[in-house]
J.: 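One structure is given below, represented as structure tokens, and several questions about it will come after.
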Amino acid sequence: MTPETVGLVGIALLVALFLIRVPVAFSMTIVGLAGFAYLSGIESALSLLAQDIFETFSSQPLSVIPTFILMGSFAFASGISQRLYFAGYTWVGHLRGGLTLATVLACSGFAAICGSTAATAATMGKIALPEMKKYNYDQSFATGTVASAGTLGILIPPSTVFIVYGIMTEESIGKLFIAGILPGAILTVLFMLTVVVLCLHNPKLGPAGPVTTWRQKFIALSGIIEAVILFALAIGGLFLGWFSPTQAGGIGAFGALVIGLFRGGFNLKVTLDATRDGLRTSCMVLFIIAGATVFGHFMAISNIPFKLADWVGNLPIPPMAIMGVIIFIYFIGGFFMDSMAMIVVSLPIFFPIVKKFGFDPIWFGVIIVLIAEMGVITPPVGVNVFVIKGIAPEVPLNQIFKGIFPFLVGLFILTFLLMAFPWIATWLPSLM
Amino acid sequence: MFTLEKFDSFNRKISLGLELIGLAAMIFLVFITTVDVIGAKLFVRPVFGALDVVMLSQLVAISFASAITLIVGRHVEVEFLVMLFPRRIRMVVDLFVKLLCLTLFVILVWRLTEYAHHLQVRHEVTPTARIPLYPFAYGAAFACIPVCLVYISIVIQSFFGLIKR
């Protein structure tokens, strides 16, 4: 067999292992090991395996992952989210659909200190859903909003998906983070518009909450100060070149811990639980990256990515149409696979094509994150939906998915906007 | 089955115990990064070898948390197709999958130990603080042993579950 044929068999085998429920990280490791052994000999493959695992786990650039994940875990446990929601609630809660508007705003704020969609959805779901239930909000609308707004967690920096994308493509994590700010703000507005339109169309979806005074509104603003400080410290420091990404994550995690200790009532148990959660998530992500490294080495010696890039490059199709096809593949893949895993598996194959056609890698990173956002709220493997289902077990899954569909429109609109006006993603990084 | 329950309980205790080492390493990673940043930016005195310590702390944290991460089911899987299989086929597939994963981790223990030996004989050290790497590689290999034990337990359970039906 030619190396290319072995590569294709490897990809088929990888999909087969995914389908029979071998963990994604281990599937990539197994196929990468077997493929490399077939093409280069068993001894060199076994040596490569140990070296890849050791070097991934001890990679200094990768330590940005545990630090930012830990920052999110501490922020999650520190009660920052509660104060953010209260601030949003005080400002817009009296409007029709106001509690959902507050949820979107609070998710956007929390996304600025937490890089995970599931954590953002979980933390806001716990706070917002009981309130919305109290004011007789439509369950499908309420749960759909929280699950969808939770996706802002990976677009507004910090973002675990941007980190992994940056590491795999050797792009600047700082620039990727900054690139997510403007699209994140636009998506927040689009989600809020969705809420407004839905409530205008059917006022019963979200009855108005209690009216608050201006004094209450301004007092409530104090609840966003700590989130602003954390964001300014970690992401601002990164933007201004004060910190490396790992240092920014470390400072952010330390800052979130300090806030937790002084404002969140952290005791030893809460601190340990939050660290434990961050550690286990980091372990999962680093195993996926280690697997992707082994698989990536196999792909490289099979020549598949380069041949594919050459083949696609010679097709008589405009580059934007090729990009459309790539986005479509990611969108469909996101239905069946965890977004992070999907990105890690596919990047070694698609990224050479993106480079060959001269697309801006930072812009493509933002597009990838948007598609990943769709993946976490679309059936059957919408992680955020299952998170919300865990918080509101009385709401049937199909009702949550039904509530999500209007928000998908916002994600589609932003994707088209980014394709038509790439500067939305590239302008801020160009200032760095 | 009683023995298997005891074996499971043993695995859990060992994994939780190892995770404590991982937790300490994780907290140390954040601490040393913060001290390094503050030292470098405010006092122009970064911590000597901070990057080396960060990379080794991460290695310890991740390796020693691998068993408990498996036990609590944090690894990402694609679930939707297997759920459609009849129960017996699902059990056979499950047994195969767990055997495959067990094999992978047995290989990992073996090869990481060899890799550690290789680092030891070549006196490989970290770039700045010149900390020897081999004890950490042996540690990573050792940390994979509980993962094998967890998989052995799952394989035995799957096998007995299959025979019973």
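To find a chain, count down the sequence lines: A is the first, B the second, and so on, and within it residues start at 1.
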J.: Please state whether the side chain, the backbone, both or neither of A:Ser27 comes within less than 4.5 Å of a heavy atom of chain B.
T.: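 Looking at A:Ser27, nothing touches chain B.
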
J.: Could you pull out the closest heavy-atom pair between A:Ser282 and B:Met26, with the gap in Å?
T.: OG-CE, 3.6 Å

J.: Given that the side chain runs from C-beta out, which part of A:Thr271 has a heavy atom under 4.5 Å from chain B: side chain, backbone, both or neither?
T.: neither

J.: Under a 4.5 Å cutoff for heavy-atom pairs, which residue among B:Val72, B:Leu56, B:Leu29, B:Asp36 has the most contacts with chain A?
T.: B:Val72

J.: Taking all non-hydrogen atoms of both residues into account, name the closest pair between A:Ser59 and B:Gln58 and its distance.
T.: O-NE2, 2.9 Å

J.: For A:Leu17, is it the side chain, the backbone, both or neither that has a heavy atom under 4.5 Å from a heavy atom of chain B?
T.: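 Contact with chain B involves the side chain of A:Leu17 alone.
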
J.: Which residue, A:Ile30, A:Leu49, A:Thr29, forms the side chain to side chain contact (heavy atoms under 4.5 Å, CB included) with B:Ile107?
T.: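 Going through the options one by one, the only one that passes is A:Leu49.
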
J.: What part of A:Phe54 is in contact with chain B, defined as an atom under 4.5 angstrom from a non-hydrogen atom: side chain, backbone, both or neither?
T.: both

J.: Can you give me the closest heavy-atom contact between B:Cys101 and A:Pro23, atom names plus distance?
T.: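 Reported closest heavy-atom pair: SG-CD, 4.0 Å.
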
J.: To the nearest 0.5 Å, how far apart are CZ in A:Phe287 and OG in B:Ser66?
T.: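 Spacing of CZ (A:Phe287) from OG (B:Ser66) equals 4.5 Å.
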
J.: Can you tell me which of B:Ile62, B:Leu100, B:Thr33 forms the most heavy-atom pairs within a distance under 4.5 Å of chain A?
T.: B:Ile62

J.: Does B:Phe142 have more than 12 heavy atoms from other residues, nucleotides or ligands lying within 6.0 Å of its CZ?
T.: no

J.: Under a 4.5 Å heavy-atom cutoff, which of B:Leu133, B:Val93, B:Leu51, B:Val54 has the most pairs with chain A?
T.: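 Winner by heavy-atom pair count: B:Leu51.
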
J.: Looking at A:Val22, A:Thr281, A:Leu46, A:Leu33, which has the largest count of heavy-atom pairs under 4.5 Å with chain B?
T.: A:Leu46

J.: Relative to chain A, which segment of B:Leu112 carries a heavy atom at a distance below 4.5 Å: side chain, backbone, both, or neither?
T.: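 Contact with chain A: backbone and side chain both.
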
J.: Using a cut-off of 6.0 Å, state whether more than 12 heavy atoms not belonging to B:Phe85 lie near its atom CZ.
T.: yes

J.: For B:Leu16, which atoms come within 4.5 Å of any heavy atom of chain A: side chain, backbone, both, or neither?
T.: side chain

J.: Under 4.5 Å, counting heavy-atom pairs only, tell me which of B:Lys41, B:Glu19, B:Glu114 racks up the most with chain A.
T.: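 Between B:Lys41, B:Glu19, B:Glu114, the count favours B:Glu19.
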
J.: Search all heavy atoms of A:Arg280 against all heavy atoms of B:Thr69 and return the closest pair with its distance.
T.: O-CG2, 3.7 Å

J.: Which atoms of B:Ala140 are under 4.5 Å from chain A, going by heavy atoms: the side chain, the backbone, both sets, or neither?
T.: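 Neither part, no heavy atoms under 4.5 Å.
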
J.: For B:Leu23, is it the side chain, the backbone, both or neither that has a heavy atom under 4.5 Å from a heavy atom of chain A?
T.: both

J.: Show your working on side chain to side chain contact (heavy atoms under 4.5 Å, CB included) between B:Ile68 and A:Arg276 and close with a plain yes or no.
T.: CA-CA 10 Å; B:Ile68 195 70; A:Arg276 195 171 273 134; over 6 Å; no

J.: Answer with side chain, backbone, both or neither: which region of B:Val60 has an atom nearer than 4.5 Å to a non-hydrogen atom of chain A?
T.: neither

J.: What distance separates B:Leu70 CG from A:Phe26 CZ, expressed to the nearest 0.5 Å?
T.: 6.0 Å

J.: B:Tyr115, B:Phe105, B:Trp110: which one forms the most heavy-atom pairs within less than 4.5 Å of chain A?
T.: B:Tyr115

J.: With a 4.5 angstrom heavy-atom cut-off, could you sort out which part of A:Ile20 is near chain B: side chain, backbone, both or neither?
T.: both

J.: Shortest non-hydrogen contact from B:Val30 to A:Phe254?
T.: CG1-N, 4.0 Å

J.: Where does B:Phe31 contact chain A at under 4.5 Å (heavy atoms): side chain, backbone, both or neither?
T.: neither

J.: Between chain B and each of A:Ala25, A:Cys283, A:Ser47, A:Ala253, count heavy-atom pairs under 4.5 Å; write down the option with the most.
T.: A:Cys283

J.: Heavy-atom distance under 4.5 Å to chain B: side chain of A:Asp277, backbone, both or neither?
T.: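 Backbone plus side chain of A:Asp277, per the 4.5 Å heavy-atom cut-off to chain B.
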
J.: What part of B:Ile32 lies closer than 4.5 angstrom to a heavy atom of chain A: side chain, backbone, both or neither?
T.: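 When you check distances to chain A, no heavy atom of B:Ile32 falls under 4.5 Å.
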
J.: Under a 4.5 Å heavy-atom cut-off, does chain A meet the side chain of B:Asp94, its backbone, both or neither?
T.: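 Looking at B:Asp94, just its side chain touches chain A.
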
J.: Chain B heavy atoms under 4.5 Å from A:Ile53: which part of the residue, side chain, backbone, both or neither?
T.: side chain

J.: What part of A:Glu43 lies closer than 4.5 angstrom to a heavy atom of chain B: side chain, backbone, both or neither?
T.: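 Contact with chain B is through both the backbone and side chain of A:Glu43.
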
J.: Answer yes or no: are there more than 12 heavy-atom neighbours, outside B:Arg74 itself, under 6.0 Å from its atom CZ?
T.: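 More than 12 heavy atoms, drawn from other residues, nucleotides or ligands, come within 6.0 Å of this atom.
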
J.: Under 4.5 Å heavy-atom distance to chain B, tell me which part of A:Leu62 shows up: side chain, backbone, both or neither.
T.: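 Backbone plus side chain of A:Leu62, per the 4.5 Å heavy-atom cut-off to chain B.
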
